[in-house]
Number of protein chains: 2
Amino acid sequence: MSTLPQQKLDEVRSIFEAFLKKRNKRQTPERFSVLEEIYKTDDHVDADELYLRLKQDGTRVSRATVYNTLELLLECELVVRHQFGKNQAKYERAYSYWQHDHLICMDCNELFEFCDPRLQSIQEMVAEIYEFEIKHHSLNMYGHCIRENCPNRSSDDEPAKAEAAGE
Amino acid sequence: MSTLPQQKLDEVRSIFEAFLKKRNKRQTPERFSVLEEIYKTDDHVDADELYLRLKQDGTRVSRATVYNTLELLLECELVVRHQFGKNQAKYERAYSYWQHDHLICMDCNELFEFCDPRLQSIQEMVAEIYEFEIKHHSLNMYGHCIRENCPNRSSDDEPAKAEAAGE
DNA sequence: ATAACTGCAAAACATTTGCATACAG
DNA sequence: CTGTATGCAAATGTTTTGCAGTTAT
């Protein structure tokens with residue numbers, strides 16, 4: 001799933017071209033570099049990581065251009081942005097991939113993707129009740145995984161809840 | 001729902017006291033000021049807003065202390081933090097309030113709270129499948145509300161999707 | 001008393017912006 | 001050619017940190 005068939009890459013590229021043309025935006029090599037870099041993997045990358053990867057690949061783009069291009073890619077829905085609790089957005093390719101939700105281990109930060117059709121029903125019901133046109137949603141579940149090598153194992157850092165109102 | 005009965009405030013306060021004692025932390029007036037300020041309303045406030053409100057109420061606390069105290073309040077689960085797409089966290093009182101999810105209008109930023117029991121089932125199923133102990137989740141739905149006075153009405157800013165792969 | 005907490009200001013970090021230069025149309 | 005996009009560096013906005021002074025225990 002990590003690498004993408006050339007055909008899909010071409011599709012994605014032409015979607016972006018069409019979008020830029022429609023908006024009277026220029027088709028600069030930097031923009032296509034950013035697009036291709038983000039479509040190279042199925043990672044959830046942040047803007048700086050993307051900048052560094054591009055640099056490492058020998059593509060000279062500035063951070064400003066990376067941010068700028070990501071904004072365009074969000075607008076044409078070729079990329080989605082996630083906010084996983086930190087103040088740093090993560091970006092992920094979106095074309096022809098299932099819309100999924102996320103499960104995050106708070107110990108090792110491992111990230112899993114899942115999908116449950118009931119969310120669609122919930123979304124529709126909420127839309128109807130509140131008279132909204134819902135465009136998208138973001139569902140993240142946070143917890144502890146049970147992996148052997150997960151820092152969870154050494155849980156001296158116990159949640160220390162407040163179940164003691166009258167202690 | 002905005003104002004809180006004194007009894008609940010006392011409960012919340014003693015939960016915090018117990019938590020601080022358990023952690024060998026000091027019970028400073030600043031910490032209780034922050035707690036009380038956030039429990040005064042059902043708003044979703046950011047750290048700076050909280051700082052300003054405290055200042056206006058005549059309580060002298062620094063931003064650093066606000067952030068610091070919010071961290072403690074998150075740990076004892078008296079407060080929850082939300083990341084609504086922007087890079088600024090919002091905080092909300094949590095004790096004795098229903099765990100709810102959010103519906104956000106992308107035009108006017110109006111925020112609605114909802115709750116659907118199916119989410120609980122989804123959470124349990126995901127926990128079982130991925131062998132996770134899920135602690136909490138965050139579900140936000142984004143869209144357009146249908147209110148008369150919502151900036152949505154003047155939608156010249158149409159999504160401009162990329163449905164034209166072969167244009 | 002004394003170790004932890006506070007306020008302040010500076011630092012860190014992510015993101016945005018302004019402006020001179022480069023280049024797509 | 002022309003105006004838009006780029007790169008750079010400086011600005012912004014949020015959160016964190018270091019340190020001297022203060023205070024709860």
Side-chain angles (χ1 to χ4, degrees), chain A residues 13-14 16-38 44-55 57-76 79 81-91 167, chain B residues 13-14 16-38 44-55 57-76 79 81-91 167:
Chain A
R13 197 187 158 94
S14 61
F16 195 33
E17 279 170 10
F19 170 78
L20 292 173
K21 187 183 288 182
K22 194 187 299 181
R23 286 276 245 270
N24 288 313
K25 301 260 176 202
R26 290 193 188 159
Q27 305 188 180
T28 66
E30 290 82 0
R31 287 175 173 169
F32 289 107
S33 297
V34 171
L35 175 66
E36 273 158 35
E37 191 66 46
I38 203 168
H44 296 69
V45 291
D46 59 73
D48 206 60
E49 215 170 321
L50 208 51
Y51 165 73
L52 293 173
R53 287 188 189 179
L54 283 160
K55 192 178 221 169
D57 288 6
T59 313
R60 254 183 89 283
V61 283
S62 67
R63 276 186 179 80
T65 300
V66 171
Y67 279 105
N68 189 10
T69 305
L70 283 171
E71 210 55 50
L72 291 172
L73 291 171
L74 285 171
E75 284 173 43
C76 63
V79 158
R81 169 160 51 193
H82 305 288
Q83 287 282 157
F84 296 128
K86 344 198 177 302
N87 326 334
Q88 186 192 92
K90 295 278 192 179
Y91 299 84
E167 185 179 334
Chain B
R13 199 188 157 93
S14 62
F16 195 34
E17 280 170 9
F19 170 79
L20 291 173
K21 187 184 287 183
K22 194 187 301 181
R23 287 274 247 270
N24 289 312
K25 300 259 176 203
R26 288 192 191 160
Q27 305 190 179
T28 66
E30 289 82 0
R31 286 174 174 171
F32 288 107
S33 298
V34 172
L35 175 66
E36 273 158 34
E37 192 65 47
I38 203 168
H44 295 71
V45 291
D46 59 72
D48 206 60
E49 213 169 321
L50 208 51
Y51 165 74
L52 293 172
R53 287 187 189 179
L54 283 160
K55 193 178 221 170
D57 288 5
T59 314
R60 253 185 90 283
V61 283
S62 66
R63 278 187 178 80
T65 300
V66 171
Y67 279 105
N68 188 10
T69 305
L70 284 171
E71 210 54 49
L72 292 171
L73 291 170
L74 285 172
E75 284 174 43
C76 65
V79 159
R81 170 161 48 192
H82 304 288
Q83 288 282 158
F84 296 129
K86 345 197 176 303
N87 332 325
Q88 188 192 91
K90 295 278 193 179
Y91 299 85
E167 188 177 332

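Here is the naming used below: chain letters follow the sequence lines, and residue numbers restart at 1 for every chain.
Across the protein-nucleic acid pair, A:Leu20 atom CG and D:dT4 atom P stand 15 Å apart, rounded to whole Å. Summarising the geometry, the separation between CG on A:Asn68 and P on C:dT17 is reported as 10 Å, rounded to the nearest angstrom. The distance from atom CD of A:Glu49 to atom P of C:dA14 is 11 Å, rounded to the nearest whole Å. In this structure, CZ of B:Arg23 is placed 18 Å from C1' of C:dA3, rounded to the nearest angstrom. One interatomic measurement links the two molecules: OH of B:Tyr51 to C1' of C:dA9, which rounds to 12 Å at whole-angstrom precision. The nearest whole Å value for the distance from the CG atom in B:Leu54 to the P atom in C:dG7 is 10 Å.
In terms of phosphate contacts, B:Thr65 brings a side-chain nitrogen or oxygen within less than 4.0 Å of OP1 or OP2 of C:dG7. Contact annotation: A:Asn24 side-chain N/O to D:dT4 OP1/OP2 distance is not under 4.0 Å.
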Could you tabulate the donor-acceptor pairs under 3.5 Å formed by side-chain atoms of residues 60-73 of chain A, not counting sequence neighbours?
{"from": "A:Ser62", "atom 1": "OG", "to": "A:Thr65", "atom 2": "N", "distance (Å)": "3.3"}
{"from": "A:Ser62", "atom 1": "OG", "to": "A:Thr65", "atom 2": "OG1", "distance (Å)": "3.1"}
{"from": "A:Arg63", "atom 1": "NE", "to": "A:Asp48", "atom 2": "OD1", "distance (Å)": "2.4"}
{"from": "A:Arg63", "atom 1": "NH2", "to": "A:Asp48", "atom 2": "OD1", "distance (Å)": "2.9"}
{"from": "A:Thr69", "atom 1": "OG1", "to": "A:Thr65", "atom 2": "O", "distance (Å)": "2.7"}

Could you pull out the protein-nucleic contacts involving nucleotides 1-3 of chain D (nitrogen or oxygen on both sides, under 3.5 Å)?
{"from": "D:dG3", "atom 1": "N2", "to": "A:Arg26", "atom 2": "NH1", "distance (Å)": "2.6"}
{"from": "D:dG3", "atom 1": "N2", "to": "A:Arg26", "atom 2": "NH2", "distance (Å)": "2.2"}
{"from": "D:dG3", "atom 1": "N3", "to": "A:Arg26", "atom 2": "NH2", "distance (Å)": "2.7"}

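Listed by residue number, B:Gln27, B:Pro29 are the residues of residues 27-35 of chain B with a heavy-atom contact under 4.0 Å to DNA chain D.
Residues A:Ser33 and A:Thr59 approach most closely at OG-CG2, 3.5 Å, considering heavy atoms.
The salt bridge (Lys or Arg N to Asp or Glu O under 4.0 Å) check on A:Glu30 picks up nothing, with sequence neighbours excluded.
Taking CG of B:Leu74 as the start and CZ of B:Arg81 as the end, the distance is 5.0 Å to the nearest 0.5 Å. Atoms OH and CG, from B:Tyr51 and B:Leu54 in turn, are 9.5 Å apart once rounded to the nearest 0.5 Å. The distance from atom NE2 of A:His44 to atom OH of A:Tyr91, rounded to the nearest 0.5 Å, is 13.5 Å. Between the CD atom of B:Gln88 and the NE2 atom of B:His82 there is a distance of 13.5 Å, given to the nearest 0.5 Å.
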Next item on the list: Check step by step if side-chain contact (heavy atoms from CB on, under 4.5 Å) holds for A:Lys86 and B:Gln83.
Entry: CA-CA 8 Å; A:Lys86 344 198 177 302; B:Gln83 288 282 158; over 6 Å; no
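You'll find that the side chain of B:Arg60 is closest to C:dG7, out of C:dT6, D:dG7, C:dG7.
A salt bridge is defined here as a Lys NZ or Arg NE, NH1 or NH2 lying under 4.0 Å from an Asp or Glu carboxylate O, and B:Lys21 with B:Glu17 fails to meet this definition.
Comparing the start and finish of the helix from C:dA1-D:dT25 to C:dG25-D:dC1, five pairs each, the helix axis swings through 30°, to the nearest 10 degrees.
For A:Arg31 and A:Phe16, the positive end is not near the middle of the six-membered ring at less than 6.0 Å and at most 45° from its axis.
Contact check for A:Leu20 versus A:Arg26: no side-chain heavy atoms found under the 4.5 Å cut-off. Counting only heavy atoms from C-beta outward, the side chains of A:Asp57 and A:Glu37 approach each other to under 4.5 Å.
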Notebook entry, point to check: With the sugar-phosphate defined as primed atoms, P, OP1 and OP2, and the base as all remaining atoms, what B/S/- string results for nucleotides 12-19 of chain D, 5' to 3', for protein heavy atoms under 4.0 Å?
Noted result: --SBBB--
